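A short write-up of the structure that comes next.
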2 protein chains.
Amino acid sequence: MSSQQNKGVGLNLAKETRCMTCSLSSLCLPLSLNLEDIDQLDRIIKRRQPLKKGDHLFRQGDHFDSVYAVRSGSLKNYIMTNDGEEQITNFHLPSELVGLDGVDCSSYPVSSKALETTTVCEIPYTRLQSLAQELPDLRNQIFSSMSKEIRDDKQMMLLLSKKNAEERVATFLGNLSSRFKRRGYSPYTFRLPMSRNEIGNYLGLAVETVSRVFTRFQTIQIIAVNGKEVHITDRQQLLEIAGVTECEVEQPGKLIAS
Amino acid sequence: MSSQQNKGVGLNLAKETRCMTCSLSSLCLPLSLNLEDIDQLDRIIKRRQPLKKGDHLFRQGDHFDSVYAVRSGSLKNYIMTNDGEEQITNFHLPSELVGLDGVDCSSYPVSSKALETTTVCEIPYTRLQSLAQELPDLRNQIFSSMSKEIRDDKQMMLLLSKKNAEERVATFLGNLSSRFKRRGYSPYTFRLPMSRNEIGNYLGLAVETVSRVFTRFQTIQIIAVNGKEVHITDRQQLLEIAGVTECEVEQPGKLIAS
DNA sequence: AAAAGTAGTTGAGATATATCATGTCTGCTT
DNA sequence: AAGCAGACATGATATATCTCAACTACTTTT
């Protein structure tokens, strides 16, 4: 098992050791960093051993020292209620930044756990901070990522406070679909990296409710599900139920500035 | 009426035209800005006419150009659902920063409306941005404010997804109490700037439910309410119901660094 | 000061979703 | 390959909260 893992590392490190050649760079650095700037950023980034399913990237309370970009796999972030239950606050797919909410504390306010085998780029915060001073574009990129997270959180509050079970699940699937699309994968067919339980936890629903909505959506031919494999048959109607217009699902954000 | 308003402006502008002498500066600028830095910040800040109750500071979709610090009064921020309902995402009290979630868009993603007569300091974003380049402390302060907002939003998600009506209302009152305390007001007796309806909207509850919880809390002698005046009789128990320990209610954050 | 509108309270009944219980499927472990 | 544990699905029932309705107390208008 350990030999398998090492093989994986070797491959990844060999292929994508540098931001400049990383296929995700246009997503995780969607800014007009010039080659020199990217090179500087590149130097402070540490590549880490892949996390296995269930491994923690960090835990709530751990000393905050780095932010991370997901390279492959996926993570769930969650906080603990005082009676020990977990509340998932986010799922993170490749190219997404993780850990920015720890910036003004000495410790991470959430835990982050791998849903599957996952690789990340580690960006030591003190280095990032000093680099941000020199590179205005990078600084704005960080502001940008954070304000996007805030906006997403407000949408989540709306979902949790006003939407019913069907609308929640439809929103969730539509959102995932858009994120996969943006990453160059099919927006129609994908594999859920999380369990029904985790979906329910995230959406403020019981597992059983999530399950029932999945079945209802299959009955009315909006989706076809096989375990974690999801195929969206009628994206239009899914988004209608979600209560968003196509363009709202995920704001395109500033891609590589022209 | 207009003469009254002007009188108000005159008073405010005369008394607190400068960050250095503003009684809120230790809260809205809780950083170790030296006098020179404060002076620079001071120069870019515009003082605005007070908003009357119901006036908008900005509307969802308005061109984003400034962030604001509340000087007196209070604001509610809200987004619109596609069927025209509003979802309140935040209430803002004096010293709090408003508008940071617009940073990476050309427009504000939420609307901000005065709950009462309210004065704000306007900070044009382009000026702030260039100033942030020169002042690392200011830059970190902005990061800090944003990451605090993200953390608060996660707590709100937890509230909306896991807490029952009593826990929600108790959390809300406890949180307000702490914020007033931090601003030098009594944590036990204060005036709610928002209506029951707005509390319900924010907490994901019907007005009637909020009202009933208020009555129940009065019956069990945790609070005494008279209209918008709230007196907290048993803060300990209130926080217990909220499901937080005293220190969690609001993280102290970095106050004026020693 | 009366009228009229708005905000808040309280009760009764409706409902979406949670909970409990059971059964089935899936993927691991040995 | 068999057996087992966890994930998922589905039905029956319970319940917290919503909705609707009526009443009261303020606030603002005329």
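Just so we're clear, the structure is a prediction, and the values are computed from it rather than from any experiment. Here is the naming used below: chain letters follow the sequence lines, and residue numbers restart at 1 for every chain.
Annotation: the span from Arg179(B) atom CZ to Arg182(B) atom CZ amounts to 10.5 Å, rounded to 0.5 Å.
For the pair Leu192(B) CG and dA7(C) P, the interatomic distance rounds to 15 Å; values are reported in whole Å. Remark: P of dC28(C) and NZ of Lys53(A) are 8 Å apart, rounded to the nearest angstrom.
Between the side chains of Ser74(B) and Glu116(B), at least one donor N or O lies within less than 3.5 Å of an accepting N or O.
Salt-bridge annotation for Arg216(B) and Glu166(B): present, with a side-chain N of the basic residue lying under 4.0 Å from a carboxylate O of the acidic one. Salt-bridge formation is detected for the pair Glu96(B)/Arg183(B): a Lys NZ or Arg NE/NH1/NH2 atom is positioned less than 4.0 Å from an Asp or Glu carboxylate oxygen.
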Summary of protein contacts for nucleotides 6-25 of chain D, nucleotide by nucleotide, where a base hit scores B, a sugar-phosphate-only hit scores S (4.0 Å, heavy atoms): --SBBBB----SSBB-----
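The aromatic ring centres of Phe91(A) and Tyr202(A) sit less than 6.0 Å apart.
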